[in-house]
Amino acid sequence: MSTLRLTLPLPPGVNNQYVTVGKRRVLSKDARAFNKQVAAVARALHMREDTETLLPALQAKPFACDLVFYFETPFKRDLDGGLKIALDAVCGGLGLDDRFVVSITLEKRIDPLRPRLEMEIGPAEGWRFDREYVVLDPE
């Protein structure tokens, strides 16, 4: 089984993801725009032939995510600030449940001319919980 590779816009940092409206915290304009862009990428992926078997194979099974953030500058943003919004947006758009993510790798790189997020999602081959724990079927 192969992996799914996506190139996405850089998500907003954690400090720019929410705003307060009245007494509620809601997604910021930047966060909503990011979610909309990811949804468009996800729709395009659903149309590709090579994802017809991969996406169903990842549903309700442990999977791994590798994320490489390409920032404009080396130390302006935290590496992990865009992790949650990216996972939520991508998994939601692809119909995957992010509770099944069992392995995450993060990497920071610099590309001042083309900031972006490159993400790879695939099965967590051979992964399992510790032997002393038995995981019951989630159904």
Side-chain angles (χ1 to χ4, degrees):
M1 178 180 293
S2 63
T3 60
L4 185 61
R5 295 173 191 256
L6 305 102
T7 299
L8 304 166
L10 202 57
V14 70
N15 295 330
N16 298 314
Q17 292 176 16
Y18 293 93
V19 293
T20 302
V21 176
K23 293 184 179 185
R24 295 177 17 144
R25 298 281 289 162
V26 297
L27 284 177
S28 69
K29 180 180 176 183
D30 290 343
R32 288 192 314 272
F34 174 75
N35 285 340
K36 190 180 258 188
Q37 291 170 316
V38 171
V41 170
R43 278 192 303 278
L45 284 172
H46 280 290
M47 304 302 282
R48 287 183 12 196
E49 261 183 55
D50 60 335
T51 60
E52 285 180 3
T53 57
L54 179 59
L55 288 174
L58 292 174
Q59 292 177 343
K61 292 189 178 98
F63 63 95
C65 296
D66 297 328
L67 298 92
V68 181
F69 291 88
Y70 288 84
F71 296 116
E72 293 180 54
T73 61
F75 303 117
K76 186 176 179 184
R77 289 188 53 181
D78 293 345
L79 174 59
D80 62 343
L83 173 62
K84 180 162 178 40
I85 190 171
L87 277 180
D88 287 345
V90 169
C91 289
L94 296 176
L96 301 174
D97 187 338
D98 63 350
R99 292 178 299 168
F100 286 91
V101 175
V102 296
S103 176
I104 297 173
T105 59
L106 298 175
E107 186 175 344
K108 181 190 275 191
R109 294 196 180 190
I110 307 304
D111 188 343
L113 300 179
R114 205 167 64 97
R116 65 192 179 280
L117 167 60
E118 291 183 0
M119 190 169 177
E120 186 172 353
I121 301 171
E125 300 288 343
W127 184 92
R128 64 180 190 179
F129 284 105
D130 295 333
R131 291 178 199 205
E132 64 185 275
Y133 297 103
V134 176
V135 179
L136 303 176
D137 190 359
E139 303 279 327

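Nothing here was measured: the structure is a model prediction, and the numbers come from that model.
Remark: Phe63 engages no residue in a ring pair (Phe, Tyr, Trp, His ring centres under 6.0 Å) (not counting sequence neighbours). In this view, Arg32 satisfies the salt bridge (Lys or Arg N to Asp or Glu O under 4.0 Å) rule with no residue, not counting sequence neighbours.
Sorted by first and then second residue, the side-chain hydrogen bond (donor to acceptor under 3.5 Å, both in side chains) pairs involving residues 108-117 (not counting sequence neighbours) are Glu107-Arg109, Asp111-Arg116, Arg116-Glu118. Residue pairs meeting the ring-ring contact (aromatic ring centres under 6.0 Å, His included) criterion with at least one partner in residues 106-127, sequence neighbours excluded, are Trp127-Phe129. Each side-chain hydrogen bond (donor to acceptor under 3.5 Å, both in side chains) pair with one or both residues in residues 11-24, not counting sequence neighbours, appears once here: Thr20-Arg25.
Other residues sharing a hydrophobic cluster with Val68 under the 4.5 Å side-chain heavy-atom criterion for ILVMFWY residues are Tyr70.
To the nearest 0.5 Å, atoms CZ (Phe69) and CG (Leu117) are separated by 5.0 Å. One distance of note links CG of Leu67 with CD of Glu120; it measures 10.0 Å at 0.5 Å rounding.
Considering only heavy atoms from C-beta on, Ile121 stays 4.5 Å or farther from Leu54 through its side chain.
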For residues 84-106, which side-chain donor-acceptor pairs fall under 3.5 Å, sequence neighbours excluded?
{"residue": "Lys84", "atom": "NZ", "partner": "Asp88", "partner atom": "OD2", "Å": "2.9"}
{"residue": "Asp97", "atom": "OD1", "partner": "Arg99", "partner atom": "N", "Å": "3.0"}
{"residue": "Asp97", "atom": "OD1", "partner": "Arg99", "partner atom": "NE", "Å": "3.1"}
{"residue": "Asp97", "atom": "OD2", "partner": "Arg99", "partner atom": "NE", "Å": "3.0"}
{"residue": "Asp97", "atom": "OD2", "partner": "Arg99", "partner atom": "NH2", "Å": "2.5"}
{"residue": "Thr105", "atom": "OG1", "partner": "Asp66", "partner atom": "OD1", "Å": "2.4"}

Side-chain donor-acceptor pairs under 3.5 Å in residues 35-42, sequence neighbours left out?
none

With a cut-off of 3.5 Å and sequence neighbours excluded, list every side-chain donor-acceptor pair involving residues 72-83.
{"residue": "Arg77", "atom": "NH1", "partner": "Pro11", "partner atom": "O", "Å": "3.0"}
{"residue": "Arg77", "atom": "NH2", "partner": "Pro11", "partner atom": "O", "Å": "2.9"}

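In plain terms, the two heavy atoms of Phe34 and Pro12 that are nearest each other are CB-CD, 3.8 Å.
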